[in-house]
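I have placed the structure first, in the form of structure tokens, so that the comments after it can refer back to it.
Each ligand, and each atom within it, is numbered from 1 in the order the structure gives. For reference, positions follow the sequence shown, starting with 1. Keep in mind that the numbers below use all heavy atoms, side chains included, and drop hydrogens, waters and symmetry copies.
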Amino acid sequence: MILITIFLQHKIDCVAHFAALKAVGESCKFPLQYYQNNITGTSILLEAMTETNCFNLVYSSSATVYGEPEFLPLTEDHPTGKCTSPYGKSKYFTEEILKDLCASDNRWNAISLRYFNPVGAHSSGRIGEDPNGEPNNLMPYISQVAVGRRPVLHVYGTDYPTKDGTGVRDYIHIVDLAMGHVRALDKLGSGEIRGFTAYNLGTGAGYSVLEMVNAFAEASGRQVPYEKCPRRPGDIAESYADATRAAESLNWRAEKGIKEMCADTWNWQQSNPNGYAASKL
Ligand SMILES: O=c1ccn([C@@H]2O[C@H](COP(=O)(O)OP(=O)(O)O[C@H]3O[C@H](CO)[C@@H](O)[C@H](O)[C@H]3O)[C@@H](O)[C@H]2O)c(=O)[nH]1
């Protein structure tokens, strides 16, 4: 009846989607689709959906569609499109395609979920994030340093106009993110939402890189050595969500805080110190 579509470029998104798909079970018409490229993925998927008369879609978008914030917290009405990375642009372009599609053909309904910074793992310790090669994102990097797989975390930028000079983000536990998908599916299934609607999925709280390092060290009982480095191109200073719309319309709120995010990540990392491939050997 409803498709969760998934344009996964990050393994942490997979973790949320697997959890969401598990929760909704048979109400998904399509299996998980794994597309590396948003735009190509969109056209292939929309064609396949049309052929099978499936016109309801949950899209995995991102807070990166907002670019450098003009105000904080970010509401869904904040302008989109001035993205600071090609990845953000591809998310933005896909949202625009879906908006046009829904406006031009009233069979289509799409919910775009704008993820803030997904982190964490399933509390079982069996589903977690295992990036290929050197992690690009903060949390898996911290976690690999804590477990001794990498010597030191590089902190990209200590001169931002933030509480301690490091970048501030709204980290959200992947299980909360998964529940956001379940609520979005319920909403689409109820027929109460027509056309295109975007929702922020974030906690509303911003944490700096150094706050994350300290929280992880506390949760794991391990040192997380770090060195200060120049800013990373494309990074913004600060981003956090106003998730009021999701609370009011989807009855969704993030429930897990930073301690649980770090504890669940550490639990998974300890069970899989060298990732899944190594665990299977
Ligand atoms: O090794 C690292 C990695 C990151 N950072 C900093 O940590 C913060 C968070 O970085 P990262 O975890 O890479 O997240 P973002 O760059 O904010 O991007 C994430 O969050 C976006 C918003 O949801 C998603 O769209 C992206 O896919 C996802 O990578 C930033 O200040 C980075 O400069 C470091 O200091 N060292």
Side-chain angles (χ1 to χ4, degrees), residues 6-17 36 38 59-69 72-74 76 78 80 83-95 112-120 129 131 133-146 149-174 176-177 180 198-204 206-216 224-241 243 254 258 261-262 265:
I6 333 280
F7 302 112
L8 299 168
Q9 292 183 328
H10 294 275
K11 289 198 174 176
I12 193 71
D13 296 356
C14 283
V15 178
H17 283 293
Q36 286 292 341
N38 274 302
Y59 175 60
S60 301
S61 189
S62 164
T64 51
V65 298
Y66 297 121
E68 187 78 55
L72 287 165
L74 288 155
E76 290 85 352
H78 184 285
T80 57
C83 307
T84 58
S85 71
Y87 168 71
K89 270 187 205 156
S90 75
K91 290 288 183 193
Y92 166 72
F93 290 148
T94 302
E95 280 202 357
S112 183
L113 298 177
R114 294 178 178 160
Y115 303 180
F116 278 69
N117 285 56
V119 297
E129 187 178 16
E134 190 172 0
N136 285 319
N137 299 120
L138 181 65
M139 193 63 143
Y141 213 111
I142 290 179
S143 182
Q144 290 192 9
V145 171
R149 197 166 152 190
R150 297 188 186 275
V152 67
L153 170 75
H154 308 285
V155 175
Y156 297 132
T158 51
D159 60 349
Y160 285 109
T162 58
K163 46 185 136 184
D164 59 17
T166 64
V168 167
R169 298 289 184 278
D170 184 340
Y171 296 93
I172 174 168
H173 195 293
I174 45 100
D176 278 332
L177 200 62
Y199 293 98
N200 286 339
L201 295 185
T203 64
Y207 288 90
S208 73
V209 173
L210 296 182
E211 284 175 328
M212 293 303 285
V213 167
N214 292 334
F216 203 90
V224 182
Y226 65 86
E227 64 188 29
K228 297 177 178 179
C229 299
R231 293 182 182 192
R232 185 171 66 172
D235 273 356
I236 58 172
E238 193 158 12
S239 159
Y240 52 91
I258 210 75
M261 297 178 207
C262 293
T265 303

Is ligand 1 under 4.0 Å from a heavy atom in the side chain of [X], in the backbone, in both, or in neither?
| X | value |
| --- | --- |
| His154 | backbone |
| Phe116 | backbone |
| Val209 | side chain |
| Asp235 | side chain |

For this session: Not counting sequence neighbours, list each pair that qualifies as a salt bridge (Lys or Arg N to Asp or Glu O under 4.0 Å) and has a residue in residues 156-170.
Result: Asp159-Arg231, Lys163-Glu211
Evaluate [X] for polar contact with ligand 1, using N/O atom pairs at a separation under 3.5 Å.
| X | answer |
| --- | --- |
| Leu138 | yes |
| Tyr115 | yes |
| Ile236 | no |

Problem set entry | Among Tyr207, Tyr156, Tyr171, Tyr226, closest by any non-hydrogen atom to atom 8 (C) of ligand 1 | Tyr171
May I ask you to list the atoms of ligand 1 that are less than 4.0 angstrom from any heavy atom of [X]?
| X | value |
| --- | --- |
| Arg169 | 9 (C), 15 (P), 17 (O), 30 (C), 31 (O) |
| Val155 | 35 (O) |
| Asn136 | 3 (C), 13 (O) |

Problem set entry | Residues in side chain to side chain contact (heavy atoms under 4.5 Å, CB included) contact with Ala243, at least two apart in sequence or another chain | Trp252
Exercise. Are a donor atom and an acceptor atom from the side chains of Thr162 and Glu238 found within less than 3.5 Å of each other?
Worked result: no
For this session: Please determine, by modelled atom types, if Asn200 and Tyr66 share a side-chain donor-acceptor pair under 3.5 angstrom.
Result: yes
Problem set entry | Residue pair Phe216 / Thr265, side-chain heavy-atom distance below 4.5 Å | yes
Exercise. Given side chains that start at C-beta, do those of Tyr87 and Thr64 come closer than 4.5 Å, heavy atoms only?
Worked result: yes
Exercise. So, the side chain of Thr84 versus the backbone of Gly234: is there a donor-acceptor pair under 3.5 Å, distance only?
Worked result: yes
Exercise. Is a side-chain N or O of Lys91 found less than 3.5 angstrom from the main chain of Arg114, in a donor-acceptor match?
Worked result: no
Problem set entry | Tyr160 heavy atom under 4.0 Å from ligand 1 | no
